[in-house]
Amino acid sequence: PISTLLVILVGIIGATFLTPKLISLLSEIVVTSKTESPEYRLDAPSEVLPLAEIPAKERRATLELIALQEKPSLDRSRARFLLASDILRSDFDGAKALEYLKNLEKDYPILAPYILLRRGRAYELTNDTEKAQETWLKLVTDFPEDLVSAEAYYKLGTYDQQYWQEAINRFPQYPRTHEIVRKLLEKNPQQKNLLILLATYDLSPQTKADLDRLVKEYGKELTANEWDIIGNNYWQNDYYLEGAKAYEKGTSTPENLYRIARGYQVSKKPKEAKSFFLKLVNQFPDAPDTGLALRRLASLSQGDEALKY
């Protein structure tokens, strides 16, 4: 409308001058357009953000008052999003959540993928599984690189498991993908590629059993790089002896040699530790890890031998 008005004005200029009344009308249109736009200054004071830290039941009444405000604002959008999330988690009332989520991504675009994820769940709770899947498909289509798409693939996979493979292919590092992988392993445990994926991306303690399976059942066919992956996961979870043994079958790098030696040292195997510290010093004398290896060697040695390190 404003652009159309400007075109008309350009045509008028050739024949007459802008009247005060017309200028006033234009000003009102521009001002109205600005005042109707939501305020998106993230550094502006917020009534809603502090409410995110308190229990859902205690904040609901205040959130409802803000959510029902007529004037668009960032806080109104925040309140609607938070209310919908609370309702989906505690009340399982999909219809009520849909009221707060209606067109919310237009006012709150920064959280659009999360809004779509919740809208899909809301439809699911109303037993409209077709709209739920349509909504999640829109999410993965419109936001293919966003990690929240992995959540949508997970939900879609409960209706068609081909979507779980999409999550694995696109988001192997995401915790929900690891949940998918474990479900698939429950159905068919003999999937080395899925165990390697967990070893690579899931550094949580529960992966220990998967690492042990890889070592026991697939040890003869693992590559050096795969042994590195297993060794790193053991190491990150403080299983130093298991990590050292895995790294011995991996690639020979300064870091790996240091971790082998240190793993044996903290596992009370000084002879083996000293052997690999020496190997690091001799093979990679200029590596950053070598300086620390020399200090470790000194601590494992006595008398004049310790002095030379």
Side-chain angles (χ1 to χ4, degrees), residues 147 150-151 154 167-168 171-186 188-302 305-306 309:
L147 284 175
E151 297 285 353
Y154 175 80
I168 291 170
F171 303 102
Q173 76 280 28
Y174 192 68
R176 186 68 78 184
T177 302
H178 306 159
E179 184 177 335
I180 291 171
V181 168
R182 295 187 190 284
K183 287 181 182 292
L184 295 174
L185 284 170
E186 286 177 6
N188 178 12
Q190 304 306 315
Q191 299 187 76
K192 173 195 164 190
N193 61 316
L194 295 184
L195 292 170
I196 289 293
L197 183 146
L198 291 175
T200 304
Y201 296 105
D202 186 359
L203 298 180
S204 65
Q206 66 176 324
T207 310
K208 171 70 161 53
D210 304 306
L211 302 177
D212 293 344
R213 276 196 60 208
L214 279 167
V215 171
K216 182 179 179 180
E217 299 177 22
Y218 299 96
K220 293 182 179 180
E221 60 187 81
L222 292 171
T223 66
N225 286 334
E226 289 171 340
W227 279 112
D228 286 350
I229 290 168
I230 295 169
N232 178 65
N233 201 308
Y234 275 134
W235 176 272
Q236 296 295 339
N237 283 287
D238 301 338
Y239 296 107
Y240 296 116
L241 182 58
E242 292 90 336
K245 291 180 178 179
Y247 275 128
E248 280 194 72
K249 299 176 183 179
T251 57
S252 182
T253 67
E255 181 179 68
N256 287 1
L257 289 173
Y258 177 83
R259 288 186 172 188
I260 294 169
R262 182 61 176 159
Y264 280 127
Q265 185 181 19
V266 299
S267 302
K268 310 299 182 184
K269 294 182 177 292
K271 182 178 178 181
E272 291 87 343
K274 192 171 182 179
S275 170
F276 280 97
F277 280 133
L278 285 170
K279 188 174 182 180
L280 169 57
V281 170
N282 293 328
Q283 289 188 6
F284 302 98
D286 299 321
D289 293 296
T290 301
L292 186 53
L294 289 168
R295 291 175 56 189
R296 301 293 186 195
L297 278 169
S299 70
L300 288 168
S301 307
Q302 296 180 346
E305 183 184 9
Y309 297 123

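A salt bridge does not link Lys245 with Glu242: every distance from a Lys NZ or Arg NE/NH1/NH2 to an Asp or Glu carboxylate oxygen is 4.0 Å or more.
At least one side-chain heavy atom of Leu195 sits less than 4.5 Å from a side-chain heavy atom of Tyr218. Looking only at side-chain heavy atoms (C-beta outward), Thr251 and Trp227 stay at 4.5 Å or farther from each other. With a 4.5 Å cut-off on side-chain heavy atoms, Leu222 and Lys249 do not count as touching. The closest side-chain heavy-atom distance from Tyr154 to Lys183 is below 4.5 Å. Put simply, the side chain of Glu217 reaches to within 4.5 Å of the side chain of Gln190, judged on heavy atoms. A 4.5 Å side-chain heavy-atom check between Thr207 and Asn237 finds every atom pair outside the cut-off. Using a 4.5 Å heavy-atom threshold, the side chains of Arg213 and Pro189 count as touching. Under the 4.5 Å side-chain criterion, counting only non-hydrogen atoms from C-beta, Leu194 is not in contact with Asn188.
Taking every heavy atom of both residues into account, Thr177 and Pro172 meet most closely at CG2-CA, 4.1 Å. Annotation for Ser299 and Gln265: closest pair OG-NE2, 3.6 Å, computed over non-hydrogen atoms. The nearest pair of heavy atoms linking Ala167 to Ile180 is CB-CD1, 3.7 Å. Summarising the geometry of Glu226 relative to Glu221, their closest heavy-atom pair is OE1-O, 4.2 Å, with the distance given to 0.1 Å.
Dense packing is recorded around NZ of Lys192, with more than 12 heavy atoms of other residues, nucleotides or ligands lying under 6.0 Å away. Heavy-atom contacts from other residues, nucleotides or ligands closer than 6.0 Å to OH of Tyr174 number more than 12.
Taking the six-membered ring where tryptophan is involved, the planes of Tyr240 and Trp235 are perpendicular, since the angle between them exceeds 60° and thus also 30°.
Atom-to-atom distance recorded for Asn233:CG and Asp210:CG is 9.0 Å, nearest 0.5 angstrom. The CG atom of Leu241 sits 12.0 Å away from atom CD1 of Ile260, with the distance rounded to the nearest 0.5 Å.
Applying the ring-ring contact (aromatic ring centres under 6.0 Å, His included) definition to pairs two or more places apart or across chains, those involving residues 241-262 are Tyr258-Phe277.
Under the rule for a salt bridge (Lys or Arg N to Asp or Glu O under 4.0 Å), Glu248 has no partner lying at least two apart in sequence or in another chain.
Between the side chain of Arg259 and the backbone N or O of Gly231 there is no donor-acceptor pair closer than 3.5 Å.
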- request: Walk me through it: do Asn232 and Asp228 pass the test side-chain hydrogen bond (donor to acceptor under 3.5 Å, both in side chains)?
  value: CA-CA 6 Å; Asn232 178 65; Asp228 286 350; over 6 Å; no

message: Before you tell me yes or no, could you show the steps for Asp212 and Tyr234 under side-chain hydrogen bond (donor to acceptor under 3.5 Å, both in side chains), namely the whole-Å CA-CA distance, both residues' side-chain angles and the distance that decides it to 0.1 Å?
response: CA-CA 10 Å; Asp212 293 344; Tyr234 275 134; 2.5 Å; yes

message: Is there a side chain to side chain contact (heavy atoms under 4.5 Å, CB included) between Val181 and Gln191? Walk through the geometry before answering.
response: CA-CA 10 Å; Val181 168; Gln191 299 187 76; over 6 Å; no

- request: Report the C-alpha separation of His178 and Leu197 in whole Å, then their side-chain angles, then the decisive distance to 0.1 Å, and conclude whether the side chain to side chain contact (heavy atoms under 4.5 Å, CB included) test is met.
  value: CA-CA 8 Å; His178 306 159; Leu197 183 146; 4.1 Å; yes

task: Could you walk me through whether Asn225 and Thr223 pass the side-chain hydrogen bond (donor to acceptor under 3.5 Å, both in side chains) test, one step at a time?
output: CA-CA 5 Å; Asn225 286 334; Thr223 66; 5.3 Å; no

- request: Please test Glu179 against Arg182 for salt bridge (charged side-chain N to carboxylate O under 4.0 Å, His left out), starting from the C-alpha separation and ending with a verdict.
  value: CA-CA 5 Å; Glu179 184 177 335; Arg182 295 187 190 284; over 6 Å; no

If you look only at distance, which donor and acceptor atoms sit under 3.5 Å apart when one is on a side chain in residues 281-293 and the other is two or more places apart or in another chain?
from   : atom 1 : to     : atom 2 : distance (Å)
Asn282 : ND2    : Leu278 : O      : 3.1
Gln283 : OE1    : Ser252 : OG     : 3.4
Thr290 : OG1    : Phe284 : O      : 2.4
Thr290 : OG1    : Ala287 : O      : 3.4

